[in-house]
Amino acid sequence: MKHNEKILILDFGSQTTQLIGRRIRDLGVYTDIIPGDASLTDTVLAGVRGIILSGSPESVYTPAAPVPDPRIYTCGLPLLGICYGLQRMTADLGGLVEPLPQREYGGVEVRVFPPALPAACTDKGRRFFAGFDRSIPLSGLITGSTKCPARDLVFTAWMSHGDTLTRLAPGFKEYGRSSTGFPAVVIHQDQETKPWFGLQFHPEVSHCERGQEILAAFVFGVCACAQAWTMEQYLEQVNVTLVEQISTSPVLVLISGGVDSTVTGALLLKALDPEQVHLMYMDTGLMRKNETFTVQRTLEGLGARHLHIVRSETAFLSALKGVEDPEAKRTVIGDMFITIQEQEVARLGLPDSCFLAQGTLYPDLIESGRGIGAKAQLIKSHHNVGSPLVEAKRRAGRIIEPLDKLYKDEVRRLGRLLALDEEIIRRHPFPGPGLAVRILGEVTQEKCAILREADALYLEELKKRRSPQGERLYDEIWQAFAVLLPVRSVGVAGDVRKYGWVLSLRAIVSTDGMTADVYPFPIKDLLEISTLITNTVKDIGRVTYDISSKPPATIEWE
Ligand code: XMP
């Protein structure tokens, strides 16, 4: 995949590094995230128009502090240091960084003073400050038709730091200060040779006023990038690359039913001869209601000629018999998945030259430790990541991951271009181990059936109901599902006492699943959904709503 120009992000371990990448991609410019201490070889720097140094949980003066390749200071590219990134530049270039008496976190007022820029200051510095000016719309920053503000500007920045600059590095000057009295915007005076900028705050965080505009001012005004990153262009490029790479070999696509693998399948069916494309989907018996039917209909609608649906409910449920521990369940499911996958692939008799395709996304590379950013947090892993089949194909150079440059929202946009059904594109994420991690305690066929019914009722209601803004509740929520608790409680049905299962409903809002907030349901909807479930699914006697955010809870219960 060729990208003519990009912004390179050095990841020093901040929780918001990914956000920097996403925000800039939203502006239509490609970004790559690499470990903060990676070597900046000519290959890494090819096409780079500017470098952003991310934040970090470390302090520059601790031994574990990550240090960038010194080439960043000699390569002549524009630099933007964010929080630790600014402190890193300051410490590397001869300034001083020291701890604050107290950590600063949240919204803080910042005053910037562009009129203090010397007359000799180049256009880069002037264009950078246009990002702070409320009277300039984002579109003006993208086209570069902006002027440097002629007055001081005040806005609310988003801070998260325990250190501050106590002495600027030689050549740098302060052009913005927080109301708490610390340097907030710092730029190098010699912008002809050193277009270097530093922000103590986090423009990538959505609570930062003018955050997106400040990033746009850097990307377009300073780095002179064009808005060239679109899904239309990506689709064209990926089609060419897939044909070059795969030629006439067969390719096997592992389909999970989610949006990522479905888009991967759709891409391959479009780019190649559908006769080459084999799609394999495993119905583990732990799927949502009608899942297998929907997958089949979708893929056949996309022109799939070789769709292998592996029905393995019996194998999975017998392997899970008596297993209660969550991690043991995951292991049993992962192992069974691998065993059946190997059997079925062997049964298909595809030649060794066959490629294997999967819907790995850009953030998955980081989570599985294969990628780019070094220090991002690890979440529960997808069971595809470690499969021997995948590893063997990887060693043989026969793995295809056409979405590995994309974020989830980009995959959804690509899905739309490929004319995938909107219901598939908007689907909430579903974990690999399926209902097994939503049935606490032992998993049985009977419990799967109960949960499947209740979950389907819940999701159908979310699709029918609207928020006060007129959106479907389903689309306002990032992920919703029901969980069957291993508890029976007393109730009444007619005149008799009955012991029904307790169901918990979960609905969260999130951008990437790393953190999540509880969806603040209109109470009327919750009450009506609860009544519908207890009236319809006779084994459920009581419904609760899970009001835990992540952290400290996780999204799934197991
Ligand atoms: P947690 O529960 O870790 O979930 O907060 C974060 C996101 O990941 C999904 N998830 C999984 N996905 N295999 C998957 O493919 C898994 O084992 C798995 N566990 C959790 C979860 O649904 C949520 O979207």
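Whatever order the structure lists ligands and atoms in, that order sets their numbers, starting from 1. The analysis underlying the following values was restricted to heavy atoms, covering all of them including side chains, and did not include hydrogens, waters or symmetry mates. Index from 1, following the sequence.
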Ignoring hydrogens and angles, write down the donor-acceptor pairs under 3.5 Å from the side chains of residues 307-322, residues two or more places apart or on other chains.
residue : atom : partner : partner atom : Å
S312    : OG   : D283    : O            : 3.3
E313    : OE2  : Q445    : NE2          : 3.3
S318    : OG   : T314    : O            : 2.4

| task | Any chance you could measure D260, atom CG, to I255, atom CD1, to the nearest 0.5 Å? | result |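 Here the rounded value is 10.5 Å.
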Give the atom numbers and elements of ligand 1 that come within less than 4.0 Å of a heavy atom of [X].
X	answer
W478	24 (O)
G432	12 (N), 13 (N), 14 (C), 15 (O), 16 (C)
P433	13 (N), 16 (C), 17 (O)
K550	1 (P), 3 (O), 5 (O), 6 (C)

| Can you tell me if S510 uses its side chain to pair, donor with acceptor, with the backbone of T515 under 3.5 Å? |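 Confirmed, S510 side chain pairs with T515 backbone.
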| message | Looking only at the side chains, is there a donor atom on one of R542 and S530 sitting less than 3.5 Å from an acceptor on the other? | response |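 No, no side-chain donor-acceptor pair sits under 3.5 Å.
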| field | Residues, nucleotides or ligands: over 12 heavy atoms within 6.0 Å of E446 CD | value |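 12 or below, so no.
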| When you look for heavy atoms under 4.0 Å from ligand 1, do you find them on the side chain of F481, its backbone, both, or neither? |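 None of F481 does.
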| request: Would you check the N or O atoms of E556, main chain and side chain alike, for any that come under 3.5 Å of an N or O of ligand 1? | output: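 Between E556 and ligand 1, an N or O pair is found under 3.5 Å apart.
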| request: Consider every N or O of I555 and every N or O of ligand 1, then say whether any pair is closer than 3.5 Å. | output: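 N/O-N/O distance below 3.5 Å exists for this pair.
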| said: Taking the side chain as everything from C-beta on, heavy atoms only, tell me whether Y362 gets closer than 4.5 Å to E410. | reply: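 Not touching, per the 4.5 Å side-chain cut-off.
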| task | With atom 24 (O) of ligand 1 as the reference point, say which of R330, K329, Q479 has the nearest heavy atom. | result |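 Checking each option, the heavy atom nearest atom 24 (O) of ligand 1 is found in Q479.
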